[in-house]
Amino acid sequence: MRHYELDDADVAVIVGSGPGGASLALRLARAGLDVVMLESGRWIDPEDFVDDERIAFAQLSWLEARRATGGWTLAQDFPALPAWNGHAVGGTALLWTGLTPRFKDHEFRTRSSYGEIAGASLADWPIDPAELAPYYEESERAMGVSHRQGRPPMPANTSYRVFANGAERVGYRHYATGPYATNVEPYDGRPGTIQDGFNSQGDRHRSKWTPLVSEIPKAIATERFELRPESHAVRITLDAAGRADGVEYLDRDGVLRRQRAALVAVAGNAIETPRLLLLSATVGHEHGLGNASDHLGRHYMRHTTGVVYGQFPEEVHMYRGENMAGIVADESRHDPERGFAGGYYLETISQGLPSFTTFMEPGGWGADFTARVEGYPRTAASWICGEDLPQPGNRVTLSDELVDRWGLPAPEVHYDDHPNDVAMREHAYGRVEAMFRAVGAERVWRAPAMPSGHNLGTARMSADPANGVVDPEGRVHGVPNLFVSDGSVFTTGAAANPTLTIMALSLRQGDRIVDTRRRGEL
Amino acid sequence: MTEDQPAPAAPDATASTLLALARALYPHPGIPDGPYVRAVALLAADAAASSELSALVTAGAAEAAADLGDPGSATLEARTAWLAAHEGEAFFAFVRERICFHLYDDREVWQLLGYPGPSYALGGYLHRGFDELPWLPDPRVEELDEPLVEIGPLGASAAASAGVEVTA
Ligand SMILES: Cc1cc2nc3c(=O)[nH]c(=O)nc-3n(C[C@H](O)[C@H](O)[C@H](O)COP(=O)(O)OP(=O)(O)OC[C@H]3O[C@@H](n4cnc5c(N)ncnc54)[C@H](O)[C@@H]3O)c2cc1C
């Protein structure tokens with residue numbers, strides 16, 4: 001792998017090796033820029049992934065101090081784990097399952113489509129959806145998404161058979177096993193899935209798309225890219241002219257180093273990205289970089305979510321096969337007649353016994369709990385993924401009390417449901433119950449959110465610097481060579497799972513950076 | 001440990017009380033004591049990490065033993081009632097969470113409850129029934145070749161059936 005000197009001031013420094021950072025890195029390296037990637041987590045070879053929920057959780061997850069506050073159930077159920085993020089090369093994609101719906105056009109214009117909603121900070125995205133379309137297509141190819149760009153559909157596993165039959169019987173029409181970013185058959189040098197049911201444990205087989213098995217090795221092969229794992233960025237530095245000129249980070253031995261930079265892109269996910277920008281407060285940016293208008297860390301979104309479980313007279317064996325290869329799109333529309341704005345997807349979810357007993361009723365115990373545990377082989381489940389409304393008070397802040405292992409203020413994540421979120425979730429719970437009952441469920445029950453896998457909105461995109469943190473290219477307002485390249489930039493969250501859109505935005509941003517640099521402006 | 005050091009205060013009593021409580025927290029008549037004993041031992045090891053936690057567990061177990069007489073012979077109802085009365089206390093919260101965590105991570109429990117665990121070495125389920133569900137028809141896996149309604153109510157045919165009461 002190429003090596004760059006710390007005082008090489010001509011490199012692009014990217015913080016974070018998840019889908020956002022890795023897609024940008026490959027784009028820039030292939031265009032001939034020199035890229036240094038700082039990743040806080042370790043390099044873990046896919047062979048070292050473990051098909052065991054508990055061991056893999058400890059191996060792959062971000063387990064630094066965090067705190068959940070506010071009215072959301074997570075503050076009660078998992079107060080130290082508001083979000084489930086990855087902490088290794090490849091980022092949270094090591095944990096992700098891989099559903100990749102696109103945004104709908106009107107979801108880029110929610111303020112115009114939904115109108116004014118009290119308490120919500122709805123805004124239209126400052127970009128034209130048509131401009132993103134080719135990047136969506138390219139992202140689908142990069143991930144080898146099933147059902148798209150000539151890739152075959154995923155076959156139906158047991159969970160999907162229950163879910164799709166239920167959907168059909170309640171009158172839904174738009175159900176399918178994808179789009180799903182795991183190989184059905186060999187593609188891009190990686191094998192087809194063996195349906196082993198351990199997506200969120202990294203995927204030893206490498207059928208699941210992650211940057212670890214795709215963008216990162218490809219970027220290394222350009223010889224224009226250096227990956228530095230176990231390098232935790234702690235501060236972005238600015239020069240006298242107010243341009244980003246380096247990133248300070250702690251290396252694996254805890255030694256503080258500084259990589260000089262021509263430009264910096266932050267892709268640490270929507271909790272760590274605003275934390276780093278807040279920690280980088282300096283003269284002229286007293287409240288953090290990009291925070292002149294007090295939007296940094298605010299408008300945090302995580303999707304309106306919850307899980308419904310159904311138990312049937314006959315066996316399901318939900319642990320067999322791809323963990324989330326099933327989606328119903330009929331309710332993803334915006335239809336105010338249902339009593340709320342925006343829409344939601346219903347998705348299959350399968351869990352091994354340790355996860356099932358952790359999430360199916362957090363805090364539950366007693367004979368009624370164990371009766372449901374004994375029904376595990378006869379259980380199917382569906383996860384709700386709906387658009388939650390941005391609210392300024394839902395935010396990531398630096399803790400006054402908690403510190404992480406590096407001695408830095410830990411993030412606190414505050415979230416209160418908007419009434420629209422509650423109404424949507426109630427509706428969704430009811431629809432899944434109807435689906436499961438329609439195929440003979442003897443028992444159905446609702447479970448609250450799991451720690452958030454989707455984290456969005458904390459550095460929102462706006463054309464006017466007064467209304468957000470980054471411009472339509474993801475460039476931080478007020479710091480011309482500092483970019484945000486992850487879901488933090490989402491102006492609103494849409495119903496869709498976010499990662500395809502994160503990648504599409506990164507590729508678009510990469511093209512803009514390359515153009516700007518060719519013009520000599522970066 | 002040398003002769004002059006005092007023996008730890010009745011560790012066996014604490015463990016047997018915790019065993020009785022664990023069996024009431026997560027009662028599975030078909031699961032023998034072995035996995036519960038292992039879960040209690042792992043809980044004790046977790047508690048040993050901090051003197052506060054050890055003290056919490058010892059004191060909570062002593063209180064349960066005092067209230068229940070011999071917890072090992074107290075009825076399931078009596079133990080359940082004791083737990084319900086102490087729900088919300090730190091002792092309960094710690095013991096419940098740790099027992100749930102360790103009990104359902106036990107290989108013998110997996111086997112008894114029908115969770116096979118890792119499948120990679122066996123080739124996953126590709127040729128071992130990932131798609132086997134004989135009690136329902138084969139569903140379509142492709143997306144429907146028909147546009148999705150993005151704004152407004154569902155199309156007429158879908159709305160007609162989506163609204164109806166469905167009986168199991
Ligand atoms: C169980 C689960 C299932 C999911 N399923 C889906 C799905 O089906 N579809 C979908 O679209 N999305 C899904 N997601 C979400 C998806 O994983 C994320 O949207 C995606 O990984 C975000 O990419 P990112 O690059 O923005 O951030 P991440 O993937 O989180 O990467 C950020 C990286 O930055 C690193 N980092 C953070 N701070 C620093 C720092 N200060 N210095 C150096 N490095 C740092 C982190 O270690 C991490 O590696 C799922 C998530 C989970 C947890």
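In what follows, chains carry the letters A, B, and so on, assigned in the order in which the sequence lines appear, proteins first and then strands, with residues in each chain numbered from 1. A quick note: this is a predicted structure, and the numbers were derived from the prediction, not measured.
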**Request:** Could you tell me whether the side chains of B:E150 and A:H334 share a donor-acceptor contact shorter than 3.5 Å?
**Result:** no
**Request:** Begin from the C-alpha positions of A:T193 and B:L126 and carry the test side chain to side chain contact (heavy atoms under 4.5 Å, CB included) through to its verdict.
**Result:** CA-CA 8 Å; A:T193 173; B:L126 187 58; 5.8 Å; no
**Item:** When A:D105, A:I194, A:D51, A:V316 are compared by non-hydrogen pairs under 4.5 Å with chain B, the top option
**Value:** A:I194
**Complete:** Comparing B:L103, B:I99, B:L25 against chain A, the one with the most heavy-atom pairs below 4.5 Å turns out to be B:L25
**Request:** Please look at A:Y319 and chain B and tell me whether the side chain, the backbone, both or neither of the residue comes under 4.5 angstrom of a heavy atom of that chain.
**Result:** both
**Item:** Region of B:R140 in contact with chain A, defined by heavy-atom distances below 4.5 Å
**Value:** both
**Message:** Is it the case that the side chain of A:R54 and the backbone of B:F101 share a donor-acceptor pair, with hydrogens and angles ignored and the cut-off at 3.5 Å?
**Reply:** yes
**Message:** Quick check for you: among A:P153, A:G366, A:A164, which has the greatest number of heavy-atom pairs under 4.5 Å with chain B?
**Reply:** A:G366
**Asked** Can you check whether B:L148 reaches A:R173 side chain to side chain, under 4.5 Å on heavy atoms?
**Response** no
**Message:** Taking the ring centre of each residue, are B:F92 and A:W365 less than 6.0 Å apart?
**Reply:** yes
**Prompt:** Should B:E143 and A:P179 count as side-chain neighbours, where that means a heavy-atom distance under 4.5 Å?
**Reply:** yes
**Message:** Given heavy-atom pairs under 4.5 angstrom as the criterion, report whether the side chain, backbone, both or neither of B:L76 touches chain A.
**Reply:** neither
**Item:** Greatest number of heavy atom pairs closer than 4.5 Å to chain B - which of A:E337, A:Q201, A:H205
**Value:** A:H205
**Asked** Can you find a pair of side-chain heavy atoms, one from B:F130 and one from A:P155, that are under 4.5 Å apart?
**Response** yes
**Request:** Output yes when a side-chain donor or acceptor of B:S119 lies under 3.5 Å from a complementary backbone atom of A:D196, and no otherwise.
**Result:** yes
**Prompt:** Checking A:R148 against chain B: side chain, backbone, both or neither under 4.5 Å from a heavy atom?
**Reply:** side chain
**Fill in**
Smallest heavy-atom separation, A:R169 atom then B:P137 atom, equals NH2-CD, 3.9 Å
**Asked** Below 4.5 Å, heavy atoms only, C-beta onward: do B:L133 and A:V162 meet side chain to side chain?
**Response** yes
**Message:** Assess the residue pair A:E374 and B:H28 against the criterion (side chain to side chain contact (heavy atoms under 4.5 Å, CB included)); give the C-alpha distance rounded to whole Å, side-chain angles, the decisive distance to 0.1 Å, and a yes or no.
**Reply:** CA-CA 8 Å; A:E374 300 209 347; B:H28 292 281; 2.5 Å; yes
**Prompt:** Is B:E108 atom CD crowded by more than 12 heavy atoms from other residues, nucleotides or ligands, each under 6.0 Å away?
**Reply:** yes
**Asked** Does a side-chain heavy-atom distance below 4.5 Å link A:V373 with B:L113?
**Response** yes
**Request:** Examine whether an atom of B:E146 lies under 4.5 Å from a heavy atom of chain A, and if so say whether it belongs to the side chain, the backbone or both; otherwise answer neither.
**Result:** both
**Item:** Greatest number of heavy atom pairs closer than 4.5 Å to chain A - which of B:L144, B:L122, B:L112
**Value:** B:L144
**Request:** Select one option (side chain, backbone, both, neither) describing which atoms of B:A84 are under 4.5 Å from chain A's heavy atoms.
**Result:** both
**Item:** Option that, when pairs with chain A are counted at under 4.5 Å, heavy atom only, ranks first among B:G117, B:G30, B:C100, B:G123
**Value:** B:G123
**Asked** In terms of heavy-atom pairs under 4.5 Å with chain A, which of B:R96, B:E97, B:H127 leads?
**Response** B:R96
**Prompt:** Do you know the tightest heavy-atom contact between A:P354 and B:W110?
**Reply:** CG-CZ2, 3.8 Å
**Prompt:** So which of A:E442, A:R204, A:H174, A:E322 has the biggest tally of heavy-atom pairs under 4.5 Å with chain B?
**Reply:** A:H174
**Asked** Can you find a heavy atom in the side chain of B:Y125 that is under 4.5 Å from one in the side chain of A:T158?
**Response** no
**Request:** Count the heavy-atom pairs under 4.5 Å between each of A:D52, A:T358, A:N165, A:N157 and chain B, then report the option with the highest count.
**Result:** A:N165
**Request:** Say whether, by atom type as modelled, one donor and one acceptor occur between the side chain of A:T357 and the main chain of B:Y104 under 3.5 angstrom.
**Result:** no
**Item:** Side chain A:H147, main chain B:V141, donor-acceptor under 3.5 Å
**Value:** yes
**Message:** What part of A:M435 gets within 4.5 angstrom of chain B, counting heavy atoms only: side chain, backbone, both, or neither?
**Reply:** neither
**Asked** Pick from A:Y376, A:F356, A:F436, A:F163: which one has the most heavy-atom pairs with chain B under 4.5 Å?
**Response** A:Y376
**ring-ring contact (aromatic ring centres under 6.0 Å, His included) between A:F198 and B:Y120, intermediate numbers included** = CA-CA 9 Å; A:F198 284 90; B:Y120 192 77; 9.4 Å; no
**Request:** Check whether A:S159 gets within reach of chain B through its side chain, its backbone, both or neither, counting any heavy atom under 4.5 Å.
**Result:** neither
**Request:** Find out whether B:I151 and A:K104 are in side-chain contact, i.e. whether some heavy atom of one side chain is under 4.5 Å from a heavy atom of the other.
**Result:** no
**Message:** Heavy-atom pairs under 4.5 Å with chain A - which of B:T80, B:V109, B:L83 has more of them than the others?
**Reply:** B:L83
**Request:** May I ask you to name which of B:G124, B:P139, B:G152, B:G114 has the most heavy-atom pairs under 4.5 Å with chain A?
**Result:** B:G152
**Request:** Could you tell me whether the side chain of A:R320 and the main chain of B:G129 form a donor-acceptor pair under 3.5 Å?
**Result:** yes
**Check: A:E315 main-chain N/O paired with B:W135 side-chain donor or acceptor under 3.5 Å** = yes
**Prompt:** Does atom CD of B:E87 have more than 12 heavy-atom neighbours from other groups under 6.0 Å away?
**Reply:** yes
